Amino acid sequence: MNLARQTVLVGLILSAAIVLDLALGEGWTIRGIRPDLTLAALVPIALRFGAGAGSGWGLMTGLILGAFGPIALTSIAVSRVVAGWTVGLLNLRVFRDHVLVTAGAGMIGSLIADIGQYMIVPLGDPKPFLVLAVGRSAYTAALVVPMSLFIRRVFDS
Amino acid sequence: MLDDDRSTVRRRVRILLLCLALAIGLGAWHRSAVARGSNDPVTIVLRTLYSPLIRGARQVADSLSSLVSPIFRSRALEKENARLRRLNRRLTGEAAYLRDSAIRAQRLETLLGFVKTMPPRTLAARIVTLSLDGSPGQIVINRGSADGLKRGSVVVAPEGVVGQVYDMTPTTASVLAISDPRASVGARVQRSNGRTVGICRGVGARSLRMAYLSREADIRIGDTITTSGMGGKNGIYPPGLVIGAVRSVEEDLGSSGTSAIVTMAVRLDRLEEVAVLR
């Protein structure tokens, strides 16, 4: 698959994830924990294409999510860049197709995104925030696995 | 081999730094534009592109849900219908009583020479996005500066006050919910006829803390809290809008007074439409 086609496909997948996240994300909430659907799509992409692509696509998703929030654009964009880059570093260093590795990368990515955002703009008490962030990372990790299978299918075909 | 590794690491770090610089630069641009009450071109373009897609996805999901849910919810709907009929009968009676009270109040106001204030103009708006956890209170509506909205315009739902417009593009606006930790609103206890007043600050998750109450403040669990028309960080809310109900009252060790935890009347996660007071 050539680079242009690959870029368009990744852009479309991430855009679809963002639209679903912003439009229907609330409906996925379980016990007050809302999964990060955008990150669930970003993690397998970063794992597959590496740190550079992870940070670039992290920036794009951060800017779009930030455009729909009142003031937190910098924190969202920066935290997503760092999350995409860190997860992308695992590219080729781990057996990325293993389900546990994929889920673990999802947890790490989600925690980095949430904690990074909190460190830039702390909102409320840290303890409940941390509980929420851990719950969210587990939920997001569970979604990263099917998303990863989907992405593997799209790009391997 | 080692040189290859080093150059790969350097390239990755360069890309990271470039992305971080872009994120920080665009964030700073966005922040300064928001401080002026407008928005930066990148945000305007992204919102213009994505808002119709998000609205479309919500509408499709709503239509599917309304098609499918009655099949599973017919018994629950019957119960709900019976409950709403009972509520309707009770509210019809209350409305008649309130109409009568309003006529009497109007007569008395005229007698006392009060100036009748015009109700503010309202504009209906639909929710484009809601994000209520990690970044509390992020709500985007499908009205913007082209519809005459201003920074600080108050957003309400039938149950009570939602928040204030924070920033705008020509076709959309961000609303800072009153439950957001960055928001504050002048409040009073409805039962006390305005004698017990304080400031409500968001503490996230549909809760607010009503602070600056004296130790002897007349406030109880279940009391309705309304806007006082005074104070607040980003401008003044008109008086009499319902904020919520008192969930608990506790001693405020910091100020040697009392504070109350208030549950917001509006369920933000169920919001579909709102009205903006202009």
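Owing to the predicted nature of the structure, the values given are computational and were not obtained by experimental measurement. Residue numbers begin at 1 in each chain, while the letters A, B, ... track the order of the sequences.
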Are there more than 12 heavy atoms of other residues, nucleotides or ligands under 6.0 Å from atom CZ of Arg5(A)?
no

Residues of residues 153-163 of chain B with a heavy atom under 4.5 Å from any heavy atom of chain A, in residue-number order, are none

With a 4.5 angstrom heavy-atom cut-off, could you sort out which part of Leu63(A) is near chain B: side chain, backbone, both or neither?
both

Contact class of Thr29(A) relative to chain B, heavy atoms under 4.5 angstrom
neither

Can you measure from CG (Leu59(A)) to CG (Leu26(B)) and round to the nearest 0.5 angstrom?
7.0 Å

Value for CE (Met60(A)) from CG (Leu22(B)), rounded to nearest 0.5 Å, stands at 14.0 Å

Scored by heavy-atom pairs under 4.5 Å with chain B, the best of Ala77(A), Ala23(A), Gly56(A) is Ala23(A)

Largest heavy-atom contact set with chain B, pairs under 4.5 Å, which of Ile120(A), Val78(A), Ile64(A):
Ile64(A)

Is the shortest heavy-atom distance from the side chain of Trp29(B) to the side chain of Thr74(A) under 4.5 Å?
no

Measuring only between side-chain heavy atoms, which start at C-beta, is Arg31(B) closer than 4.5 Å to Leu73(A)?
no

side-chain contact (heavy atoms from CB on, under 4.5 Å), that's the test. Do Leu22(A) and Val140(B) meet it? Break it down for me.
CA-CA 10 Å; Leu22(A) 291 171; Val140(B) 176; over 6 Å; no

Check whether Arg58(B) reaches the backbone of Leu24(A) with its side chain - one donor and one acceptor, N or O, closer than 3.5 Å.
no

Are the side chain of Trp85(A) and the backbone N or O of Arg12(B) linked by a donor-acceptor pair below 3.5 Å?
yes

Matching residue for Phe68(A) among Val128(B), Ile139(B), Thr172(B) - test: side chain to side chain contact (heavy atoms under 4.5 Å, CB included):
Val128(B)

So which part of Ser51(B) gets closer than 4.5 Å to some heavy atom of chain A, the side chain, the backbone, both or neither?
both

For Ala28(B), which atoms come within 4.5 Å of any heavy atom of chain A: side chain, backbone, both, or neither?
backbone

Taking only residues two or more places apart in sequence or in another chain, which ones pass side-chain hydrogen bond (donor to acceptor under 3.5 Å, both in side chains) with Asp156(A)?
Arg48(A)

